[in-house]
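Written out below as structure tokens is the structure these notes cover.
In each ligand, atom 1 is the first atom listed, and ligand 1 is the first ligand listed. Note: hydrogens, waters and symmetry copies are ignored here, and every other heavy atom, side chains too, is used.
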Amino acid sequence: MREKSIVRATGLTKVYGSGHTAVRAVDNVSLDVREGELVLIMGPSGSGKTTLLSMLGGLLRPTSGHIFINGVEITTLSEARLPDIRAREIGFIFQAFNLLSSLTAEENILFPAGLVPGGDRRARQRASELLDRLALSPRRRHLPRDLSGGEKQRVAIARALINSPRLILADEPTGNLDSKTGHEVMMILHDIARDEGRTVIIVTHDPRLEDVADRILWLEDGKIRDRKEDAHLWAQDPVCRMKVDQWTASLFATYQGVRYFFCSQRCLDKFRREPQAYLVATAKPQGSEHTSGHS
Ligand SMILES: Nc1ncnc2c1ncn2[C@@H]1O[C@H](COP(=O)(O)OP(=O)(O)O)[C@@H](O)[C@H]1O
Ligand SMILES: [Mg+2]
């Protein structure tokens, strides 16, 4: 049963723009993710994680390459047929929750059911079950503005599950949550793969799931890389001079075409105010023209 391929991509490439300003955000990526697998996508900021996930979820057209969701090639589907496949087969969870602000928690959860013909019938029952399971029942009639961050993300997870899709894609789902709440959200996603056999792909900087994931795909400059256990890709925070691991760093800024990584928001803010003050001694890229790092 677990041999069944839920997401298959071959030669996936996305180029933004053209000519001198072209950015090859995803570069010839191939992957095969099976039923019930829990896969993490990790990599430095700007490495192409969101672009890759958006293409896998049918939200963004690739420049070239092919994507099959549960055996159906979505890259050749017309714009008219794509929404139906997306609504049935794929649940998407975003860092910023993306709830509709004028709908209650329950209405948000039910929303995708309205996009599937005949999806309404069992949806109310299923929404109730999901509200229960995600400990949201007392909040069902609340608007998003009256929910905590963790509750909003649980609503977004329930919304992603309402049509029982086989594939759940989450783009930095804990990025706006505190550490404890983020961990709870990660464990819910983990259980969705383990208990329900759904395929779950999570883009994250959070290393706590590394040990329970089936696989980690490391992205660097749009390519999937082998990364040895405990390998680091060190960059130097230009402000405090501390070493920062580019694989897991979430704070960065690009200045004059060079990417700099930061240990904290404080250092990033200082740099933004006065980049020149910090660059004199640190800008010595070794082995890479694109970052301030050295490995
Ligand atoms: N809509 C866009 N137009 C042009 N360039 C983009 C766009 N979206 C992302 N990029 C560029 O593509 C690269 C990968 O971005 P992204 O997929 O957002 O990376 P990540 O999610 O790993 O931070 C970056 O260099 C980014 O600046
Ligand atoms: Mg991203």
Side-chain angles (χ1 to χ4, degrees), residues 7 9 11-31 33 39-65 67 75 90-98 153 156 160 168-177 182 185-186 189 200-207 209-210 213 215-227 231-233 235 244-263 265 268 271-272 275 285 288-293 295:
V7 191
L12 209 52
T13 296
K14 179 71 187 183
V15 180
Y16 292 112
S18 60
H20 283 315
T21 57
V23 174
R24 197 167 277 269
V26 169
D27 190 2
N28 197 22
V29 164
S30 297
L31 52 85
V33 183
V39 173
L40 303 187
I41 298 179
M42 299 184 91
S45 286
S47 57
K49 304 180 298 296
T50 292
T51 302
L52 176 59
L53 208 69
S54 305
M55 291 193 289
L56 297 180
L59 299 173
L60 181 69
R61 292 265 184 200
T63 305
S64 57
I67 303 165
T75 22
I90 304 166
F92 222 109
I93 298 160
F94 303 90
Q95 176 172 352
F97 320 125
N98 295 16
Q153 200 54 303
I168 304 289
L169 303 174
D171 191 0
E172 303 204 32
T174 64
N176 285 357
L177 303 176
V185 162
M186 281 300 202
L189 294 172
V200 179
I201 305 181
I202 309 174
V203 168
T204 181
H205 290 284
D206 185 341
L209 234 67
E210 279 186 34
R215 259 196 293 163
I216 302 177
L217 300 175
W218 295 96
L219 262 192
E220 190 187 355
D221 288 336
K223 294 192 180 71
I224 291 182
R225 292 284 164 89
D226 282 332
R227 173 193 184 243
H232 299 283
L233 189 60
V244 181
D245 186 355
Q246 290 183 42
W247 285 117
T248 48
S250 56
L251 296 171
F252 78 103
T254 304
Y255 182 71
Q256 295 182 339
V258 180
R259 183 164 291 149
Y260 298 92
F261 293 84
F262 299 88
C263 73
Q265 189 66 45
L268 173 56
F271 181 81
R272 285 215 174 108
S288 161
E289 324 129 63
H290 302 299
T291 74
S292 65
S295 28

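Protein heavy atom in closest approach to atom 6 (C) of ligand 1: Y16 CD1, 3.2 Å. Counting protein heavy atoms only, atom 26 (C) of ligand 1 is closest to V23 CG1, 5.0 Å. Among protein heavy atoms, atom 22 (O) of ligand 1 sits closest to K49 NZ, 2.7 Å.
For K14 (side chain) and T51 (main-chain N/O), no donor-acceptor pair under 3.5 Å exists by modelled atom type. In this structure a side-chain-to-backbone donor-acceptor pair under 3.5 Å is present from T63 to V15. In terms of modelled atom types and a separation under 3.5 Å, the side chain of T75 and the main chain of I67 share a donor-acceptor contact. The backbone N or O of G43 lies less than 3.5 Å from no partner atom in the side chain of R225, so there is not a single donor-acceptor pair. S64 places no side-chain N or O within 3.5 Å of a backbone atom of T13 that could act as its donor or acceptor partner.
An N or O contact shorter than 3.5 Å links G46 to ligand 1 by distance. At a 3.5 angstrom cut-off on N or O pairs, T50 counts as close to ligand 1. Close N/O approach between G48 and ligand 1 is found [any backbone or side-chain N/O within under 3.5 Å].
Ligand-side atoms of ligand 1 in range of P44: 22 (O), range being under 4.0 angstrom from any heavy atom. The contact set between ligand 1 and A25, taken as ligand atoms under 4.0 Å from a residue heavy atom, comprises 12 (O), 13 (C), 14 (C). Contact atoms of ligand 1 toward T51: 15 (O), 16 (P), 17 (O) (distance under 4.0 Å to a heavy atom of the residue). Which parts of ligand 1 touch S45 is read off a 4.0 Å heavy-atom cut-off, strictly below it: atoms 23 (O).
Between Y260 and F262, a ring centre-to-centre spacing not shorter than 6.0 Å is recorded.
Counting backbone and side-chain atoms alike, T50 contributes an N/O/S atom closer than 2.8 Å to the Mg ion (ligand 2).
Within the structure, the closest approach of G43 to ligand 1 does not fall below 4.0 Å when heavy atoms are considered.
Remark: the D171 side chain and the T50 side chain contain an N/O donor-acceptor pair separated by less than 3.5 Å.
When side chains are defined from C-beta on, W218 does not count as touching S47, because their heavy atoms never get closer than 4.5 Å.
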